[in-house]
Number of protein chains: 2
Amino acid sequence: MDSPETRGASAQPRSKTPLSRETVLAKALELVDSDGVDALTMRRLGQELGRDPMSLYRYAENRAALLDGVTELVLDDLCIEPEDPDWKEQLRTIAHNLRLLALRHPNLVPLLVTRPLSTPLGLRPLGTLRPLEQILSLLIAAGFKPSDALHVYRAYYGFLYGHILNELQEFIVDPEENEALLRLGLHRLPPKEFPRLRALAPALAEYDGLNELDQGITILLSGLETQLSLKANRS
Amino acid sequence: MDSPETRGASAQPRSKTPLSRETVLAKALELVDSDGVDALTMRRLGQELGRDPMSLYRYAENRAALLDGVTELVLDDLCIEPEDPDWKEQLRTIAHNLRLLALRHPNLVPLLVTRPLSTPLGLRPLGTLRPLEQILSLLIAAGFKPSDALHVYRAYYGFLYGHILNELQEFIVDPEENEALLRLGLHRLPPKEFPRLRALAPALAEYDGLNELDQGITILLSGLETQLSLKANRS
DNA sequence: GGGTAAAGTCTACATTGTAGATAAGGCAGT
DNA sequence: ACTGCCTTATCTACAATGTAGACTTTACCC
């Protein structure tokens with residue numbers, strides 16, 4: 001039933017350009033973005049590229065590695081200036097950028113936060129470790145002693161990831177019917193057990209992720225600064 | 001090759017007690033804890049219970065629902081005192097308890113943080129929403145106006161989730177060879193690109209999650225308190 | 001008994017990741 | 001032009017998975 005003309009819905013004129021890790025990952029990302037992580041099957045991706053599924057194994061050891069590759073790919077979009085003298089401001093913009101990145105690839109967020117859990121730090125794709133390294137540089141250049149820099153990084157990135165998870169949870173439905181659906185969902189809850197939550201429906205509907213993030217960062221950074229502070233290097 | 005005597009490695013004498021959602025979920029949790037989420041297949045769970053895999057569908061709509069059930073199950077272990085007059089202390093102990101819970105079920109953490117992403121708030125298992133409701137109660141009782149309570153909750157829980165993700169990342173290998181393996185892993189990194197990270201190997205090895213969490217919570221709570229504060233209700 | 005509902009089982013199928021053997025193209029050297 | 005070789009891609013095949021749908025067993029009530 002499949003004539004040799006029947007190709008995947010994709011570009012390649014026939015079987016020509018020799019494919020490359022970049023193209024594979026790019027298409028994979030595209031797929032994840034549009035249809036979710038589960039839609040990224042070897043067969044589907046192969047079809048999308050107009051190639052046999054098996055050819056993919058030349059560019060990634062297996063499906064898991066392919067997913068790692070995708071997360072690495074998007075993390076490369078996150079640029080960090082380790083030389084920025086205003087470290088607080090730099091951390092703030094990194095936070096904003098990471099947030100935007102997550103909003104641009106919501107389907108990828110589960111992978112972003114979850115993959116590291118199954119790979120010891122030293123064995124992760126280099127692209128995923130680069131932000132860590134650069135932020136450490138930033139903090140050390142700002143005067144923190146290395147071990148304190150690590151603390152700051154952890155609190156900072158922890159909060160950042162937490163925020164992203166939070167924000168995406170409340171964003172699932174498209175903002176148009178967001179409120180309606182949300183109320184509908186909440187309406188299902190037993191009123192005696194969930195009075196607070198139900199009463200907060202309007203507040204939940206007008207969630208402002210950027211502000212929320214920003215204020216959190218402010219609090220955290222000033223707190224960290226006074227607690228650890230740069231004093232260790234100042235004497 | 002399978003005599004009728006050959007049962008799953010499990011308890012049930014033969015096919016006797018009529019099974020129940022609780023037993024199913026309990027075994028499922030056991031399985032996840034010991035062998036990871038991927039090991040929880042319908043067939044394996046069925047075998048573990050000495051029943052046909054298909055029987056499970058009486059107690060959960062499908063595999064996803066089963067996983068939801070498991071997360072709900074463990075979250076029920078998290079007890080919260082919404083009446084506690086010392087709200088900061090209460091939030092701190094909740095944090096500690098959630099952390100312990102995560103350390104007790106590390107394989108479940110990906111689910112814990114990820115499932116909510118694919119289910120609109122109102123449609124989640126009630127067990128997963130209860131902590132939210134109770135913490136809101138706690139904060140409102142403490143004098144926060146409801147919308148501020150929501151802010152506090154978000155910052156707090158966001159940070160908490162972020163911390164847990166952080167801590168579990170660095171814990172994967174057993175603490176014995178932790179340091180060795182870690183160094184090994186880090187040694188793989190190109191020195192020119194990752195000098196900070198490599199230099200921090202020792203610091204990474206002696207990570208104290210409890211402290212890290214505790215200090216973060218302190219900072220966050222005092223920050224939130226002064227920023228929003230209870231002033232709205234004080235006048 | 002006979003009937004009814006619940007609990008459990010059997011069979012079957014479509015989909016998945018991926019091993020292993022096989023081909024198809026390009027490019028060297030002679 | 002032929003031969004060998006290496007990279008890239010394909011084909012075939014298999015075991016494992018979730019789950020639909022029909023069936024069987026069990027318990028119990030009148």
Side-chain angles (χ1 to χ4, degrees), chain A residues 1-8 10-28 31-32 35-70 107 110-111 115 118, chain B residues 1-8 10-28 31-32 35-70 107 110-111 115 118:
Chain A
M1 96 181 49
D2 234 17
S3 99
E5 290 301 332
T6 318
R7 290 274 128 187
S10 171
Q12 318 304 71
R14 188 75 67 173
S15 58
K16 218 53 213 285
T17 58
L19 216 49
S20 77
R21 184 150 212 267
E22 285 71 33
T23 24
V24 170
L25 290 184
K27 247 307 185 272
L31 240 168
V32 171
D35 292 10
V37 177
D38 291 337
L40 177 49
T41 73
M42 301 309 255
R43 287 169 156 95
R44 173 93 186 269
L45 181 54
Q47 164 178 328
E48 217 71 42
L49 289 163
R51 290 295 201 299
D52 186 282
M54 275 305 151
S55 61
L56 304 175
Y57 287 88
R58 238 163 247 291
Y59 306 101
E61 281 242 322
N62 49 38
R63 196 181 108 105
L66 210 158
L67 292 176
D68 278 344
V70 175
N107 292 335
L111 285 187
R115 271 342 314 287
S118 28
Chain B
M1 94 181 50
D2 234 16
S3 98
E5 292 299 332
T6 319
R7 291 273 126 188
S10 168
Q12 319 304 70
R14 188 76 64 171
S15 56
K16 219 49 213 291
T17 57
L19 216 48
S20 76
R21 185 151 213 268
E22 284 72 34
T23 23
V24 170
L25 289 184
K27 242 319 183 263
L31 239 168
V32 171
D35 292 11
V37 177
D38 291 338
L40 178 47
T41 74
M42 301 311 252
R43 288 168 154 95
R44 173 93 186 267
L45 181 54
Q47 163 178 331
E48 217 71 44
L49 289 163
R51 293 291 201 298
D52 187 282
M54 276 304 155
S55 61
L56 303 175
Y57 286 88
R58 293 235 172 247
Y59 307 99
E61 281 241 323
N62 49 39
R63 196 182 108 106
L66 211 158
L67 292 176
D68 278 344
V70 175
N107 292 335
L111 286 186
R115 283 317 340 275
S118 29

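Residue numbers begin at 1 in each chain, while the letters A, B, ... track the order of the sequences.
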- prompt: With A:Arg63, which residues qualify under salt bridge (Lys or Arg N to Asp or Glu O under 4.0 Å), at least two apart?
  reply: none

- line: Closest of C:dG8, C:dG20, D:dA9 to the A:Met54 side chain is C:dG20

message: So B:Val70 and B:Leu111, do their side chains get closer than 4.5 Å, heavy atoms only?
response: no

statement: Residues at least two apart in sequence or cross-chain that pass salt bridge (Lys or Arg N to Asp or Glu O under 4.0 Å) with B:Asp35, listed by chain then number, are B:Arg44

task: Mind calculating the distance between CG (A:Leu49) and C1' (D:dT10) to the nearest angstrom?
output: 15 Å

task: Please examine the side chains of B:Lys27 and B:Leu45, heavy atoms only from C-beta on, and report whether any two atoms are closer than 4.5 Å.
output: yes

message: Restricting to side-chain contact (heavy atoms from CB on, under 4.5 Å), what partner residues turn up for B:Asn107, sequence neighbours left out?
response: B:Val32

query: Is there a donor-acceptor contact under 3.5 Å from the side chain of A:Arg21 to the main chain of A:Tyr59?
result: yes

statement: Comparing A:Arg58 with A:Leu40, nearest DNA chain C nucleotide closer to 5' gives the residue A:Leu40

task: Starting at atom CG of B:Leu56, determine the distance to atom P of D:dT19, rounded to an integer number of angstrom.
output: 11 Å

- request: Give A:Thr41 one of three labels, base, sugar-phosphate or nothing, depending on what nucleic acid heavy atoms sit under 4.0 Å from its own.
  value: sugar-phosphate

Value in whole Å for how far the P atom of C:dT11 lies from CZ of B:Arg43: 13 Å

Heavy-atom pair with the smallest gap, counting every atom of B:Met42 and B:Asn62: CE-C, 4.4 Å

- request: Check DNA chain C against residues 59-68 of chain A and give the residues with a non-hydrogen atom under 4.0 Å, in numerical order.
  value: A:Asn62, A:Arg63

task: Answer yes or no: does a side-chain N or O of B:Arg51 lie under 4.0 Å from OP1 or OP2 of C:dG8?
output: yes

statement: Quick note, B:Asp52 side chain, CB onward, closest among C:dT9, C:dT18, D:dT17 is C:dT9

message: Rounded to whole Å, please give me the gap between CE in B:Met42 and P in C:dT16.
response: 18 Å

field: Distance, rounded to the nearest Å, where B:Leu19 contributes CG and D:dT26 contributes P
entry: 16 Å

- request: Could you state the atom-to-atom distance from CG of B:Asp38 to P of D:dG18 in whole Å?
  value: 10 Å

